[in-house]
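Side chains included, hydrogens not; waters and symmetry mates left out as well; all remaining heavy atoms used. Since the model is a prediction, treat every value here as computed from it, not as a measurement. Each chain gets a letter, A, B and so on, in the order its sequence line appears, and its residues count up from 1.
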2 protein chains.
Amino acid sequence: MSKLTETLQKFVDLEEKSLKGFLEKGKILRISKSEKLIKAGEICETLFFILEGSVRSFYFKDDKDVTISFSLEEEFITSMSSFITQKPSYENIEALEDCELWAISHKDLMETLARYRDLEYVYRQLLEEYYIRLEEQLIFSKFKTAKERYLELIKNKPKIIQKASVGQIASFLDMSIETLSRIRASL
Amino acid sequence: MSKLTETLQKFVDLEEKSLKGFLEKGKILRISKSEKLIKAGEICETLFFILEGSVRSFYFKDDKDVTISFSLEEEFITSMSSFITQKPSYENIEALEDCELWAISHKDLMETLARYRDLEYVYRQLLEEYYIRLEEQLIFSKFKTAKERYLELIKNKPKIIQKASVGQIASFLDMSIETLSRIRASL
DNA sequence: AAAATCATTTGACAAATATCAAAAAATCAG
DNA sequence: CTGATTTTTTGATATTTGTCAAATGATTTT
């Protein structure tokens, strides 16, 4: 749990009561490999923080599933667009391995943010951080070749290589399974 | 200026003094076609709102410039990562045509957000909106073919077709000038 | 352990797009 | 207006990556 506290305190020291108010609104939950946190078509009511484990977010394109992101320990994860708009999600999120998560409902989060000014400030900074990351991902996908994208993934999230299947990684990197297999063979 | 007010009020009715406090921190500025709002290498100190005109954001890849986004009237624009982190920008932003902008400095914005709670809330919602848009763009670029990406641009931002050059649009859509030219010929 | 299922690799070929070169069209300067 | 420059289009070819099919390897089930 201190992982969550540390992540929150990265930006500013929160007052004790804000931190406490926030933490006690959440629940710990454990899910096992392949279980879904969020299902396409449903409204995403929950923001998760990964205490242990890793998850994968994906869409369906025709019949195949296409990976959008991988998230590891100490990251917040939700179907952002569904969580924010409270409309049905297009995205699925599933556990890549057994996970321990901290979870807070949309309603509780909104109430907590409204109550504690310093928490609202932290939430804003989190949003900013996530925005920048997404922007980096977009630019990265524009500028790099298939091989460079793979090498970059190894550098940034090496753990993913062990935890996700070739198919999941390939769709994340926007290439076919075969192309990824050939890139790996060439290294 | 009421365009800016409307955009802010889209989320919640701001108190009169918050709105006033915010608006009077900004300045109106006019720039002519091709002038730069933000230059790569410099720290981006300003958040702009486009009252009239349109702008283009781009990076340099080797020697060529690659368009990252187009922004039209009634949108906020800045080099988000530089503005947020206050580190040098990798991004350039230039006017596609003569523009009228509203501009607020990072320092003034931060002070204003700290002073007016309801403004901070609006800023958060703006961030959320921009996040969702970026996410859509990322997914969109993953799922569509060259032709579909062009048709989507026509649907979403038809004005851009008139205002930007073929080269600018091609790099935005992640294809060569020649491919774009052929797609246009085939319609 | 053998059979069955699933995931990954390899090969042959096809499709999409990029690159290079040149022609045509549009824009600009004097 | 006219020649010069730039932008866009068109054509020929090369490259990258995808698709399909088969082979190999790994994992699970009985």
Side-chain angles (χ1 to χ4, degrees), chain A residues 32-35 54 56 58-68 70 94-98 138-154 158-187, chain B residues 32-35 54 56 58-68 70 94-98 138-154 158-187:
Chain A
S32 25
K33 184 170 175 173
S34 300
E35 264 189 83
S54 54
R56 175 178 82 98
F58 62 102
Y59 279 55
F60 279 102
K61 183 195 184 167
D62 310 323
D63 48 337
K64 281 182 188 169
D65 83 67
V66 180
T67 300
I68 297 298
F70 295 109
E94 67 171 22
L96 280 176
E97 60 193 316
D98 294 357
L138 188 77
I139 286 152
F140 158 81
S141 70
K142 245 186 143 79
F143 280 63
K144 309 275 176 170
T145 65
K147 189 167 178 174
E148 288 169 333
R149 294 200 299 280
Y150 179 65
L151 293 173
E152 193 80 12
L153 178 65
I154 290 179
K159 288 179 186 171
I160 290 303
I161 310 293
Q162 328 304 332
K163 292 176 179 175
S165 73
V166 172
Q168 291 167 352
I169 295 171
S171 73
F172 175 67
L173 296 174
D174 238 329
M175 62 182 81
S176 69
I177 289 178
E178 293 90 337
T179 298
L180 178 53
S181 177
R182 285 179 184 117
I183 287 171
R184 297 178 106 156
S186 79
L187 294 178
Chain B
S32 24
K33 185 171 174 171
S34 300
E35 264 189 81
S54 54
R56 175 178 82 98
F58 61 102
Y59 278 55
F60 279 101
K61 182 194 184 168
D62 309 322
D63 49 338
K64 281 182 188 171
D65 84 68
V66 179
T67 301
I68 297 297
F70 295 110
E94 68 171 21
L96 281 175
E97 61 194 314
D98 294 357
L138 188 77
I139 286 153
F140 158 82
S141 70
K142 245 184 144 81
F143 281 63
K144 309 275 177 171
T145 64
K147 190 168 178 175
E148 286 169 334
R149 296 200 298 278
Y150 179 65
L151 292 173
E152 194 80 11
L153 178 65
I154 291 178
K159 287 178 187 171
I160 291 303
I161 310 293
Q162 330 301 334
K163 292 177 178 174
S165 73
V166 172
Q168 292 167 352
I169 294 171
S171 73
F172 175 67
L173 296 174
D174 239 329
M175 64 184 80
S176 69
I177 289 178
E178 292 91 335
T179 299
L180 178 54
S181 177
R182 287 181 181 114
I183 287 170
R184 297 179 105 155
S186 79
L187 294 178

Exercise for review: Taking only the side-chain nitrogens and oxygens of Thr179(A), find out if one of them lies under 4.0 Å from OP1 or OP2 of dG18(D).
Suggested key: yes
Review point. In whole angstroms, how far is the P atom of dA16(C) from the CD atom of Glu148(B)?
Key: 12 Å
Point to revise | Value in whole Å for how far the P atom of dT17(D) lies from NZ of Lys147(A) | key: 11 Å
Point to revise | Side chain of Ala185(A) (C-beta onward), nearest among dT10(C), dT10(D), dT8(D) | key: dT10(C)
Exercise for review: Figure out the OH/P separation between Tyr150(A) and dT17(D), and round it to whole Å.
Suggested key: 16 Å
**Study point:** Side-chain (Arg149(B)) to main-chain (Leu173(B)) donor-acceptor, under 3.5 angstrom
**Key:** yes
**Study point:** Nearest to side-chain heavy atoms of Arg182(B), which nucleotide of dT9(C), dT19(C), dA12(C)
**Key:** dT19(C)
Revision key, fill the gap. Taken to the nearest whole Å, NZ/Lys33(A) to P/dT27(D) is 11 Å
Point to revise | Heavy-atom closest contact (Met175(A) atom, Ile183(A) atom, distance) | key: SD-CD1, 3.8 Å
Exercise for review: Rounded to the nearest angstrom, tell me the gap between atom CG in Leu180(B) and atom C1' in dA18(C).
Suggested key: 14 Å
Exercise for review: Name the closest nucleotide to the Met175(A) side chain, picking from dT10(D), dG18(D), dT10(C).
Suggested key: dG18(D)
Check your understanding: Between dA18(C), dT9(C), dT19(D), which nucleotide gets closest to the side-chain atoms of Val166(A)?
Key -> dT9(C)
**Study point:** Between dA7(C) (P) and Arg184(A) (CZ): distance, integer Å
**Key:** 15 Å
Review point. Whole Å only: how far is the CG atom of Leu173(A) from the C1' atom of dT17(D)?
Key: 14 Å
Exercise for review: Would you kindly give the CD1-to-P distance between Ile169(A) and dT9(C), to the nearest whole Å?
Suggested key: 10 Å
**Study point:** Minimum-distance pair of heavy atoms, taken over all atoms of Lys163(B) and Ser54(B)
**Key:** CD-OG, 3.4 Å
Extract from the structure each pairing of a protein N or O with an N or O of nucleotides 21-27 of chain C at less than 3.5 Å, listing the distance.
none

Check your understanding: At their closest point, which heavy atom of Lys142(B) faces which heavy atom of Val66(A), and how far apart are they?
Key -> CE-CG1, 3.7 Å
Review point. How large an angle, rounded to 10°, do the end axes of the helix from dA1(C)-dT30(D) to dG30(C)-dC1(D) enclose when each is built from five base pairs?
Key: 40°
Point to revise | Side chain of Ile177(A) (C-beta onward), nearest among dT19(C), dT10(D), dT9(C) | key: dT9(C)
Exercise for review: Kindly say whether Ser165(B) contributes a backbone atom to a donor-acceptor pair with the side chain of Gln168(B) at under 3.5 angstrom?
Suggested key: yes
Review point. So, the side chain of Gln162(A) versus the backbone of Lys159(A): is there a donor-acceptor pair under 3.5 Å, distance only?
Key: no
**Study point:** Name of the residue among Ile177(B), Thr67(B), Leu180(B) meeting side-chain contact (heavy atoms from CB on, under 4.5 Å) with Ile169(B)
**Key:** Leu180(B)
Point to revise | Heavy-atom pair with the smallest gap, counting every atom of Asp98(B) and Lys33(B) | key: OD1-N, 2.8 Å
Practice item. Check Tyr150(A) against Arg184(A) and note the closest heavy-atom contact, atom names and distance. Key: OH-NE, 3.2 Å
